[in-house]
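First up is the structure itself, then whatever we jot down about it.
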Protein chains: 2
Amino acid sequence: MRSISPAPRPQAAALASGAAPLVVPDPCAHCDARSVSVCSALEDKDLHRLATLAEVMEVAPGETFIEEGETPEHFFNVTGGTVRLYKLLPDGRRQITGFARPGHFLGLAVGEANAFSAEALETVRVCRFSRSRLRAVLDDFPAFERRLLRSAANELVAAQEQMLLLGRKTARERVASFLLAQARPLRACDPPPGRFHLPMTRTDIADYLGLTIETVSRTMTRLRTEKLIALPSPAEVVVLDRGRLEALAGGFEEERI
Amino acid sequence: MRSISPAPRPQAAALASGAAPLVVPDPCAHCDARSVSVCSALEDKDLHRLATLAEVMEVAPGETFIEEGETPEHFFNVTGGTVRLYKLLPDGRRQITGFARPGHFLGLAVGEANAFSAEALETVRVCRFSRSRLRAVLDDFPAFERRLLRSAANELVAAQEQMLLLGRKTARERVASFLLAQARPLRACDPPPGRFHLPMTRTDIADYLGLTIETVSRTMTRLRTEKLIALPSPAEVVVLDRGRLEALAGGFEEERI
DNA sequence: CGTTATCTTGACGTACATCAAATGTCGTGG
DNA sequence: CCACGACATTTGATGTACGTCAAGATAACG
């Protein structure tokens, strides 16, 4: 992880693997992710206050920047790329609890220790805040705290939906739900794209859906055979029949063939 | 659901089945659940403010007081009894997302619509707040909002732990995890009881763990046969070997027999 | 002390896991 | 440009943990 703003701090350099700091002037004002992130709670005039606390960091693919069980010292706001969040069992079984995309605020699901690890899937850009210093901002801007509570509420809704998926849906229903979720745009108001790119491997998808890689693969090819989706390449998905895919994801009875 | 404080409101009576209002004087000051609930964020002198907003309600066993998909109008604070929170698929498959015990604050996992239904398992006592009116309290007492955020963070941690359970643990590991969670006292500082009562049926446990009632039953009897637990009656559990139960729940390799 | 719901136990089935191998994809260097 | 190797994905054959179906056994209750 390399710090690229606002000034190279020693501790940031220490954490970074190949730290090569670059200064980004006024990062918050030019942030692509701002409109979809908790930072939208602040007005332009207050944004510089946030910018002084934020360090823009770049995380290389495969690099872990939050470690399950460790003491949390920072909050992160994802501004670019995709992050996998996961928990491990002692024998290596892995459950991915979510994929964080731009706008996702990381660091809420935390007590004394981090509840999960976070690892960059692609090159990821995050905005890092010291927990103690962000505390001060929260005290000054109640709107920000309220936005954070809303963000936590959304995550809770998503977590419960995922519990339903993991506990009660079939493999087909899980994959359909997953594909539709991946097809969702960052802003709810934007139309869902018919074609999109999967930044994660089949192994990631399997560990997210509580399945094996083989079952995910077989299920995808079956959805392709049935013309619900097309797969121009393993990572490219085209939704051909959104209606049936949604019915499947929602757990409606499948029509007999 | 019957309103028993502070004054019988018409809309409360409308919602209640056999509404027979009773006035409870100064409910918050004498609340058993206060020390374990979000209300502990308020000091004694501010508590009366909360009390004017709170309606103490009693919910009969089996009664649903939050309906998935409906527009949320209230927050609830559980002060007595146990509540099951669940989501349904159209064909009736059910996933219980959690059991709410005294101190649990309900109504965070909500966007436009309730993310889950809530049903009393036993006779339940809840403290009901109108969402709009609680909003005003939050503006006046930032400590309360902060406590709510902490509560949401705890729920998120629990939700992720449950995703790990549902996605990657075996039936044995799930049941062991469940029993240990049920053995946890309301306050983290209190010692865990060696013997406790399960307020829910095997069906509830199955729908919580993503299993069937038969698998839950078989797994419990196997744990009993192996002397990890005792079952004086189906609803009474005695933890005999906490160490092995914890190893099982944590997903450690089981010793070969 | 029947009646009914809940729980337990047994026999059998299946959706998904496991094991194994072929195929496809992509970066690298000749 | 193409051959090569490393790795991801797909496909096939087989196994199994848990689900389903079906009785009993217990407990709860008027």
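Just so it is clear: chains get the letters A, B, ... in the order the sequence lines come, proteins before strands, and each one is counted from 1.
Minimum interatomic distance between F65(B) and A120(B) (heavy atoms only, all atoms of both residues): CE2-N, 4.3 Å. Contact between F178(A) and F99(A) at its shortest, heavy atoms only, is CE1-CE1, 4.1 Å.
One can place NZ of K169(B) at 18 Å from C1' of dC18(D), the figure rounded to the nearest angstrom. Distance, I213(B) CD1 to dT26(D) C1': 13 Å, rounded to whole Å. Atom CZ of R202(B) and atom P of dA25(D) are 19 Å apart (whole Å). Atoms CG (D207(B)) and P (dT6(C)) sit 13 Å apart, rounded to a whole Å. Computed from coordinates, the R168(B) CZ to dC16(C) C1' distance equals 12 Å when rounded to whole Å. Residue R218(B) contributes atom CZ, which lies 12 Å from atom P of dT20(D) at whole-angstrom precision. Going from atom CG of L211(B) over to atom P of dT8(C) covers 14 Å, rounded to whole Å. If you measure from atom CD of E214(B) to atom P of dA11(C), you get 15 Å, rounded to the nearest angstrom.
Using a 4.0 Å heavy-atom distance criterion, T221(B) is classed as a sugar-phosphate-only contact. Counting non-hydrogen atoms under 4.0 angstrom, T212(A) reaches a base of the nucleic acid. In this structure, T201(B) reaches the sugar-phosphate backbone alone: every heavy-atom distance under 4.0 Å involves primed, P, OP1 or OP2 atoms, never a base.
The closest side-chain heavy-atom distance from Q95(B) to Q160(A) is not below 4.5 Å.
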Exercise. After noting the C-alpha distance and the side-chain angles of D207(A) and R168(B), does the key distance pass the side chain to side chain contact (heavy atoms under 4.5 Å, CB included) rule?
Worked result: CA-CA 8 Å; D207(A) 284 350; R168(B) 288 297 180 226; 2.8 Å; yes

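Sequence order on DNA chain C of the closest nucleotides to S233(A) and T215(A) puts T215(A) first from the 5' end.
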